[in-house]
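Quick notes on the structure that follows.
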Amino acid sequence: MLQVQFIRQNKALVLERLGVKQFKEPGIVDEVLALDDQRKKLTLEYDETQAKVNAASKEIGKLMASGDKAAAEARKQEVASLKQALGPIDEALRSTEKLLHDTLVKLPNLPGPNVPVGKTPEENVEVRGGGAKPSLAADAVPHWDLAKKYDLIDFELGNKITGSGFPVYKNKGARLQRALVSYFLDFNTANGYTEMLPPYVVNEASAYGTGQLPDKEGQMYFVNEDSLYLIPTAEVPVTNIYRDEILKESDLPVRMTAYTPCFRREAGSYGKDVRGLNRLHQFEKVEVVQLVRPDQSYTVLEEMVAHVERLIQSLGLPYRILNLCGGDMGFTSAQTYDFEVYSAAQDKWLEVSSVSNFESYQTNRMKIRYKDEQGKNQLVHSLNGSSLALPRIVACLLENNQTPGGILLPAVLHPYFGGDRIA
RNA sequence: GGUGAGGUGCCUGAGUGGCCGAAAGGAACGGUUUGCUAAACCGUCGUACGGGUAACACUGUACCGAGGGUUCGAAUCCCUCCCUCACCGCCA
């Protein structure tokens, strides 16, 4: 969430940036400021009264020790009436703090300086791209047909075991998953990311920390018995590794990568682009996360984009990078680049990575700070990106590389896959 | 799942009603010393929210797992919950 102090000092900027994000309730900004004023006023009142209570209590102790019982009793009376006054103040303060917090979390992150203005995905700006679209034979087929032809993925079997959106990978299809995960992790660690293997379920505090709660609980599977959420992305457990920590400046940047399965309910998206691997309830993804000094986060964002770009290039897939416009960005992001790869047989661009700078929006919730040169605690900036999500990569690899002699895999995968093709 | 013990600052660990935001040691950081390293010595060494200041200084409140309660006063007593450890059971 945003910092109240920042909103107070930069109100005009906040309103202007919220406009870029197409935020519809700018009145919340004034609500926040009014509630914060109220909070300060009540805090002062509470502290001053409590200070009197504390002082009187100390005196009572001394009076008792010196045997002056009558004086002690008189002071006790005084404390009693002070405490009576304190009750309502305390109550008002608590409810104000809660209301302030509940109001504050309704404000999305502010778009950064390089975010294009726009409302819809059509207004996203293509930054660059690469890789030539393949020219497929006339009888080329989409990946779900190829998956069947080579016995790689069984969607119906997943229906039987679990439900739609939970495919079963088989044979070379399963092997390809393993190869891709290993390759992606090796690629990331070779570039300075530390490999992590986090839990696949998280508690409420973690889901809150990265911004899945309070708004998006409907997108996560929930284990009622233990009040735990299945992770929708490794971002959640990995970023929360540093929740409530104060880092040394020399600890930064923190760079982590993790493979996890991802679970998404995808409520409300039935029937829309859900064919084959395009949209699943469970899928594999390798994620990269960084915690950095605030002045470096936009430089790091570009580095992470370049990193993911090299990874996609190494797979030989046609891709493009989009700088998301204000209206299409996520709630918690300050800037996001989406990576799409071209799925030739479907003639579609599929999103395979999303690289975002969250500035201090997540870390303010998680209280991830570092001690700066002056010894003051400052929020770090958090960033993350997929590197990469598997299913759509697989769809493209299958579709784009289909030949009469089988599906030809990119050279970087040969050692991991144990072969150069699926035939 | 059962039984027992316990949760204190970066770590170890004292503290069982006021003198405790918290001893001591270690780590870390700064400095002195040193040819360098080590050692030794000196110093610093929690967080949040307020008041205050140009900024410091200074100052108030809260926090000893979480939430309640008793009391003039709680790290310390009581209740509930959570977690950790040990042993037993079960099990990949």
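Values below: all heavy atoms of this structure, side chains included; hydrogens, waters and symmetry mates excluded. Labels below follow one simple rule: chain letters A, B, ... track the order of the sequence lines, proteins then strands, and each chain is numbered from 1.
Separation of the C1' atoms belonging to G13(B) and G25(B) is 8 Å when rounded to the nearest angstrom. Of the C1' atoms belonging to G60(B) and G68(B), the separation is 26 Å, rounded to the nearest Å. Nucleotides C58(B) and C64(B) have their P atoms positioned 25 Å apart, rounded to a whole Å. Separating the P atom of G35(B) from that of A55(B) is a span of 47 Å, rounded to the nearest Å. Between the P atoms of G46(B) and A40(B), the separation comes to 23 Å (whole Å). Atom C1' of U76(B) sits at a distance of 15 Å from the matching atom of G69(B), rounded to the whole Å.
Using the Watson-Crick or G-U wobble rule with both distances under 3.5 Å, A75(B) pairs with nothing in any strand shown. With both pairing distances under 3.5 Å, A66(B) is matched to U80(B) as a Watson-Crick or G-U wobble pair.
No contact: Lys41(A) has no heavy atom under 4.0 Å from any strand. Using a 4.0 Å heavy-atom cutoff across all strands shown, Ala56(A) reaches no nucleic acid atom at all.
Contact between the side-chain N/O atoms of Arg39(A) and the OP1/OP2 oxygens of G50(B) is found at a separation under 4.0 Å. Within the 4.0 Å cut-off from OP1 or OP2 of A62(B), at least one side-chain nitrogen or oxygen of Asn54(A) is found. An OP1 or OP2 oxygen of A48(B) is reached within less than 4.0 angstrom by a side-chain nitrogen or oxygen of Arg369(A).
Of the N and O atoms on the side chains of Glu195(A) and Thr189(A), not one donor lies less than 3.5 Å from an acceptor on the other residue. The closest side-chain donor-acceptor pair between His381(A) and Glu359(A), if any, does not fall under 3.5 angstrom.
Shortest non-hydrogen contact noted between Asn203(A) and Leu228(A) is CA-CD2, 3.7 Å.
Rounded to an integer number of Å, the gap from Ile368(A) CD1 to U47(B) P is 17 Å. Following rounding to the nearest Å, Lys40(A) (NZ) and G51(B) (P) show an atom-to-atom distance of 5 Å. With rounding to whole Å, Lys69(A) atom NZ is found 13 Å from C72(B) atom P. A straight line from CD1 of Ile246(A) to P of G46(B) spans 11 Å, rounded to a whole angstrom. As rounded to whole Å, 17 Å separates atom P of U71(B) from atom CG of Leu82(A). G50(B) atom C1' lies 13 Å from atom CD of Glu45(A), rounded to whole Å. To the nearest angstrom, P of C29(B) lies 14 Å from CD of Glu249(A). Rounding to whole angstrom units, CG of residue Asp372(A) and C1' of U47(B) are separated by 15 Å.
Nearest to the side chain of Gln50(A), among G50(B), C72(B), U61(B), sits U61(B). Out of A48(B), G51(B), U71(B), the shortest distance to the side chain of Lys83(A) is found at U71(B). Picking from C49(B), G46(B), A48(B) the nucleotide with the shortest atom distance to the side chain of Thr43(A) gives C49(B). When distances are taken from the side chain of Val79(A) to each of A48(B), C72(B), G50(B), the shortest belongs to C72(B).
Partners of Phe187(A) by ring pair (Phe, Tyr, Trp, His ring centres under 6.0 Å), not counting sequence neighbours, listed by chain and number: His307(A).
Judged by closest nucleotide on RNA chain B, Lys376(A) is the one of Arg94(A) and Lys376(A) placed further toward the 5' end. Residues Gly61(A) and Lys367(A) each lie close to RNA chain B; by heavy-atom proximity, the contact nearer the 5' end of the strand is made by Gly61(A).
Look at Arg94(A) and Asp90(A) and you find a salt bridge, because one of the NZ, NE, NH1 or NH2 atoms lies within 4.0 Å of a carboxylate O, short of that distance.
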Could you pull out all donor-acceptor pairs under 3.5 Å where a side-chain atom in residues 38-46 of chain A meets a protein atom, sequence neighbours excluded?
residue	atom	partner	partner atom	Å
Arg39(A)	NH1	Asp36(A)	OD1	2.1
Thr43(A)	OG1	Arg39(A)	O	2.6

